[in-house]
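Atoms considered below: every heavy atom in the structure, side chains included; atoms not considered: hydrogens, waters and symmetry mates. Note that the structure is a prediction, hence the values are computed from the model and not measured.
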Amino acid sequence: MAFAPKSNKKAGTFVARDPNAKFPVPKAGNRPARISLIVDIGNQNRKDFEEKDGTLKPQKPADQIAIFLDLTSDVVDYGSDIGMQPYRLMLNKSFAGDIDGINFGVGPIRDADGTIIPGRPENYHPMSVITKLAKATGTTSIIEGKNLDLEQLLNKPLMATVEVKRTEDKNGKLDDKGNIRVYENVNFRGTSEVPEMPDGSPYPVPDCKLMPRVISFDGAQASDIKYIRRDLLAKIKIANNYEGSQMQRAIVEFEGGDAGAIPEPAGKEMPAKFDDAFDDDVPF
């Protein structure tokens, strides 16, 4: 199944957690990783873009995705039925539970002056996370615009720069041991190629422990939904194309509802198949 953008030419049941339990964190620095999960979050409305002079410019809705890496050397204990797994790092920016989608579309390639370069195939934006992953993994077919299918990125090795910020509770809130509670926020800061060993071979990065996968709006199944974080499920449910989609059917079935009762969108045909809140951060 291919997962490429459209042309521009036209949670479920989670186990209760100990409220005093600290969410596991990886080591900071340059960490070996593999691309493990790509989730289609649908067509999302976007915030107005703020110009340098403060003027707000409306942005059209866009198809968006979320991308995750498994930090293969950072095996942590997620507890419950998840247990010991490589830390799963979301590459999307988020603040207070609000996740920014990664735009899933292509456009013409422009030079430094903004002029379209003739003869160049449409591609992902040069500053997109997708482009950066393609460069870090040496996926030249994406870089050159020859094959935009993101499934070819799955399980590709790379190095991820990880920042772990630790801040004390500003109100002096104590943890269960009587110490001031410390919050640990994990941030993705970039990617790079896997380095060479002294003999010229690439640094060995273990394969993903769980099968890497793409979960698309058109191909999602109930069995896929357990891999989607709760905060990301909330984002998916507000997508403009959620109602009547296969993604909705999968989520409703996973949550114990009657997926067969979901009507098709009026006038449309179903597409062809092809902060430290612990629960919100569960990645599997």
Side-chain angles (χ1 to χ4, degrees), residues 1-11 37-68 90-110 114 116 121-134 142 145 148-151 153 188 213-220 224-225 227-252 255 259 262-274 280:
M1 183 200 321
F3 187 62
K6 299 172 184 176
S7 172
N8 280 353
K9 296 180 179 180
K10 40 157 224 188
L37 179 64
I38 299 172
V39 181
D40 186 351
I41 63 174
N43 185 267
Q44 297 281 341
N45 294 326
R46 297 188 290 168
K47 300 174 184 176
D48 293 344
F49 178 79
E50 185 173 354
E51 303 280 3
K52 291 182 179 180
D53 61 2
T55 303
L56 295 179
K57 182 180 179 181
Q59 297 191 90
K60 295 180 180 179
D63 293 337
Q64 296 186 332
I65 59 176
I67 303 177
F68 295 81
M90 183 173 69
L91 306 193
N92 301 57
K93 296 178 181 179
S94 65
F95 179 75
D98 185 14
I99 298 174
D100 289 340
I102 296 170
N103 289 340
F104 185 49
V106 295
I109 305 301
R110 302 174 184 270
I116 294 176
E122 290 189 340
N123 207 337
Y124 300 105
H125 192 281
M127 298 304 294
S128 168
V129 170
I130 297 171
T131 303
K132 294 176 180 179
L133 291 175
I142 289 179
L148 303 179
D149 183 359
L150 295 192
E151 283 200 335
L153 290 176
F188 167 66
R213 69 192 66 223
V214 165
I215 303 176
S216 71
F217 247 60
D218 296 340
D224 294 323
I225 307 305
Y227 298 103
I228 304 178
R229 295 164 37 147
R230 179 177 292 181
D231 51 358
L232 199 58
L233 279 176
K235 182 82 170 180
I236 289 171
K237 290 178 181 180
I238 63 171
N240 296 318
N241 57 337
Y242 179 70
E243 295 295 328
S245 67
Q246 175 59 28
M247 179 66 83
Q248 184 190 23
R249 295 171 189 275
I251 290 174
V252 168
E255 293 178 342
I262 299 172
E264 296 184 6
K268 295 182 180 179
E269 296 181 357
M270 290 296 293
K273 296 265 185 186
F274 71 100
D280 286 350

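- When all heavy atoms are compared, the tightest approach of Gly105 to Pro5 is CA-CB, 3.8 Å.
- For the residue pair Met127 and Lys132, the shortest heavy atom distance occurs at O-CE, 3.6 Å.
- The one candidate from Asn103, Ile67, Leu91 that meets the side chain to side chain contact (heavy atoms under 4.5 Å, CB included) condition with Ile130 is Ile67.
- With respect to Glu255, the salt bridge (Lys or Arg N to Asp or Glu O under 4.0 Å) criterion is satisfied by exactly one of Arg249, Arg230, Lys237: Lys237.
- Atom CD of Glu122 and atom CG of Leu148 lie 9.0 Å apart (nearest 0.5 Å).
- Between the side chain of Asn123 and the backbone N or O of Ile142, at least one donor-acceptor pair lies under 3.5 Å.
- Although no hydrogens or angles enter the test, the distance criterion places a donor-acceptor pair under 3.5 Å between the side chain of Asn92 and the main chain of Ile65.
- Taking each heavy atom of Ile41 and Leu232 in turn, the nearest pair found is CG2-CD1, 3.8 Å.
- Within the model, atoms CD1 of Ile215 and CG of Asp224 stand 4.5 Å from one another, a figure rounded to the nearest 0.5 Å.
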Inset, instruction - Might you work through the side-chain contact (heavy atoms from CB on, under 4.5 Å) test for Tyr124 and Leu133, ending with a clear yes or no? - result: CA-CA 11 Å; Tyr124 300 105; Leu133 291 175; over 6 Å; no
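- Put simply, the side chain of Asn43 never gets that close to the backbone of Asn240: no donor and acceptor are under 3.5 Å apart.
- Separating the OG atom in Ser245 from the CZ atom in Phe217 is a distance of 4.5 Å, to the nearest 0.5 Å.
- Annotation: the span from Lys57 atom NZ to Phe49 atom CZ amounts to 8.0 Å, rounded to 0.5 Å.
- Put simply, the side chain of Thr131 gets close to the backbone of His125: a donor and an acceptor are under 3.5 Å apart.
- Residues Asp218 and Ser216 bring no donor and acceptor atom of their side chains to less than 3.5 Å of each other.
- The closest donor-acceptor contact from the side chain of Asp149 to the backbone of Phe3 lies under 3.5 Å.
- Note that the NZ atom of Lys60 and the CG atom of Asn45 stand 13.5 Å from one another [nearest 0.5 Å].
- Panel note: side chain Lys235, backbone Ile99; a donor-acceptor pair is recorded below 3.5 Å.
- Considering CD1 of Ile102 and CE of Met90, their distance stands at 8.5 Å, rounded to 0.5 Å.
- Minimum interatomic distance between Ala220 and Met247 (heavy atoms only, all atoms of both residues): CB-SD, 3.8 Å.
- The minimum heavy-atom distance between Glu151 and Val214, with the atom names listed, is CG-CG2, 3.7 Å.
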